Amino acid sequence: MIRNICIGLLLAVAAFAGLLVFNAMNYGAEPVGGRVTLPAPPAISAQRGAQNLSRAIQFKTITLASGDPRPGQEGEWLALHAWLEETYPAAHAAMTKELVPETLTLLYTWAGSDLSLKPLLLMAHQDVVPVNIGTEGDWESEPFEGAIINGYIYGRGAIDNKGSLVGLMEAAEALATAGFKPKRTVYFMFGHDEEVSGSGAEAGVALLKSRGVEPEFALDEGFMVVNPSPLSGKPMGFIGIAEKGYLTVDVVAVGTGGHSSTPPRDSAAVRLARAVVALDENQMPSDLSKPPVSGIFEAAGKDMPFVQRLAFANLWLFKGMVDAQLQDVPAGNAMIRTTTAPTMLTGSAKENVLAQRATATVNFRIHPNDTEEDIIAHVKKVTSGIEGIEVKVGNNGIRGAGASNVSPTDNRAYAVLASVSEATLPGSPVAPGLVLGATDARYAEAITPNVYRFAPAVLTPDELTGFHGTNERTSVENMGRLARGYAQVILAMDSAE
């Protein structure tokens with residue numbers, strides 16, 4: 001009897017282990033979304049694209065705050081517009097150019113011959129962030145010189161986002177020069193203030209909506225091919241199918257004021273400290289089972305080490321372990337949950353005066369699985385056991401917008417973008433991804449459910465640090481990739497119903 005029980009237990013353990021291994025072996029076997037055969041692009045010169053990006057960087061289209069550029073400070077934008085017209089004559093001859101009213105946002109219309117086909121909306125932005133004062137000497141060259149050094153174009157905007165803007169115009173110029181006449185109308189929209197508010201893109205989308213324009217899809221910045229990917233250690237492309245939202249809450253602790261020589265044991269500052277620690281130790285819940293997060297892991301599955309693959313293939317058993325490991329990696333943690341970031345602390349105006357009100361400003365980047373209401377309820381619940389805590393949800397305490405919708409991966413638009421990503425660096429798998437910051441693409445949801453965030457370029461993790469940082473750069477080779485990739489997007493979608 002005991003022998004039979006032991007044999008049964010061994011068989012059950014073996015069957016259980018076999019199930020885990022079977023799931024691991026089949027995890028990530030099928031790519032997310034479909035694929036298409038891409039048409040050949042027209043002749044593209046990476047060197048020409050690099051030289052033109054160098055020149056575009058030299059226009060100091062810097063935005064610092066909402067409303068920029070201020071009246072009388074539009075010169076750099078207007079000079080950029082004139083340069084684009086001079087540099088891309090064939091594209092300008094083929095398209096109609098206009099400024100979105102009361103903005104410096106550019107809108108180009110390349111009219112198609114078949115009005116039954118929904119148009120494309122291809123987006124980029126003209127403005128850049130400033131360079132931190134005192135860090136100019138840390139650059140390989142002057143940040144707005146656009147120097148080309150050892151195969152790289154250096155300068156503010158090289159990645160974010162003049163590389164994409166120039167790449168789109170290079171694609172349009174090459175297509176127009178080759179005699180391409182689209183069946184499907186193509187819109188190019190270049191926002192003027194993405195780095196501070198995106199009001200230009202918002203107005204541009206509103207203008208298109210007023211004209212009844214409903215694009216087949218919108219494409220903006222966000223992701224690219226990363227080589228190597230932190231998920232697998234191998235190259236991997238990411239296509240943003242959603243982006244996080246933004247919410248700021250003020251957590252206020254109220255206490256007895258007075259002289260610091262006779263402090264109470266439970267002052268406002270102490271109460272606030274408890275609240276901040278409680279929020280840090282009680283993060284918003286994660287969910288690894290829904291898009292876009294689930295698709296990221298599946299796409300990376302075949303390149304993962306076996307043990308890691310085993311865990312992701314059997315989340316029903318290993319979810320807690322995977323969650324704990326991802327929490328220790330800031331980017332991984334941000335991908336799977338709404339993040340909690342205390343950013344500003346205020347209290348007493350003098351070191352020997354007890355604060356009667358101490359405030360922590362806490363910034364949340366909203367995951368598509370959560371809403372603003374979920375976050376407010378979470379903050380109130382976590383801090384409910386601490387005396388004297390108030391959660392401010394008024395106009396001064398809450399600023400931002402919810403997460404975007406999640407765009408589908410089962411349509412031709414995603415299939416084309418995934419195919420372009422694979423062509424950008426052959427052999428690299430493609431995953432749908434969640435963009436952690438904000439882009440102008442969020443406004444396009446007002447006119448299309450299919451909004452994607454991807455640029456056909458290859459960047460290393462080191463190069464990614466150039467976003468808003470020192471030595472922002474992109475390779476000459478990437479300028480060829482961008483122009484070819486954008487041209488292939490236009491051509492591949494041109495006849496698709």
Side-chain angles (χ1 to χ4, degrees), residues 66 243-290 293 319-404 434 436-438:
S66 181
E243 66 181 58
K244 281 191 154 185
Y246 186 101
L247 174 68
T248 298
V249 172
D250 287 338
V251 179
V252 181
V254 179
T256 303
H259 201 285
S260 64
S261 63
T262 54
R265 290 294 303 276
D266 194 29
S267 68
V270 172
R271 291 172 177 175
L272 182 66
R274 290 197 187 107
V276 170
V277 170
L279 287 171
D280 184 66
E281 293 180 344
N282 296 273
Q283 298 284 320
M284 293 286 291
S286 66
D287 189 343
L288 309 179
S289 64
K290 298 177 185 176
V293 173
K319 180 181 183 298
M321 181 185 73
V322 171
D323 193 336
Q325 289 187 345
L326 288 173
Q327 280 192 56
D328 291 336
V329 181
N333 186 55
M335 192 67 68
I336 64 174
R337 61 167 39 85
T338 293
T339 51
T340 305
T343 55
M344 300 170 66
L345 300 172
T346 59
S348 171
K350 197 171 185 293
E351 75 273 11
N352 63 347
V353 176
L354 295 170
Q356 291 177 273
R357 299 175 68 83
T359 302
T361 299
V362 187
N363 182 245
F364 296 86
R365 295 303 174 104
I366 309 173
H367 195 280
N369 293 344
D370 299 321
T371 65
E372 292 188 3
E373 290 72 23
D374 293 333
I375 296 169
I376 294 166
H378 169 79
V379 175
K380 289 181 176 179
K381 179 180 178 181
V382 169
T383 60
S384 62
I386 304 171
E387 187 178 352
I389 294 295
E390 302 172 359
V391 178
K392 294 293 186 179
V393 296
N395 291 334
N396 293 328
I398 252 182
R399 301 179 296 280
S404 74
L434 173 62
L436 305 180

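When reading the values below, keep in mind they use all heavy atoms of this one structure, side chains included, and skip hydrogens, waters and symmetry mates. Residues: numbered from 1 along the sequence shown. Not measured: the values here are computed from a predicted model.
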[atom1]/[X] to [atom2]/[Y] distance, rounded to the nearest 0.5 angstrom?
X: Ser267; Y: Leu354; atom1: OG; atom2: CG; value: 6.5 Å
X: Glu390; Y: Lys380; atom1: CD; atom2: NZ; value: 11.0 Å
X: Leu436; Y: Arg365; atom1: CG; atom2: CZ; value: 9.0 Å
X: Met284; Y: Leu279; atom1: CE; atom2: CG; value: 10.5 Å
X: Arg337; Y: Gln283; atom1: CZ; atom2: CD; value: 6.0 Å
X: Thr338; Y: Lys244; atom1: OG1; atom2: NZ; value: 6.0 Å

Run Arg274 and Asp266 through salt bridge (Lys or Arg N to Asp or Glu O under 4.0 Å) and show every step you take. CA-CA 10 Å; Arg274 290 197 187 107; Asp266 194 29; 2.5 Å; yes
Are any of the side-chain heavy atoms of Pro342 and Asp280 separated by less than 4.5 Å?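 No, too far: nothing below the 4.5 Å cut-off.
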- Item | Pair Thr343, Asn363: side-chain N/O donor-acceptor within cut-off below 3.5 Å |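 No pair is found: no donor N or O on one side chain lies under 3.5 Å from an acceptor on the other.
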Open item on the list: Determine whether a donor-acceptor pair (N or O, by modelled atom type, separation under 3.5 Å) exists between the side chain of Thr383 and the backbone of Ala275.
Closed with: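 Answer holds: no.
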Could you check whether any side-chain N or O of Asp370 sits under 3.5 Å from a backbone N or O of Ile366, counting only pairs where one atom can act as donor and the other as acceptor?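 Flag not set: sc Asp370 to bb Ile366 has no pair under 3.5 Å.
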*For a side-chain contact (heavy atoms from CB on, under 4.5 Å) with Phe364, tell me which candidate from Asp374, Thr339, Thr340 qualifies.*
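Passing option: Thr340.
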- prompt: Closest heavy-atom contact between Ser286 and Asp323?
  reply: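 Smallest heavy-atom distance, with atoms named: OG-OD2, 2.5 Å.
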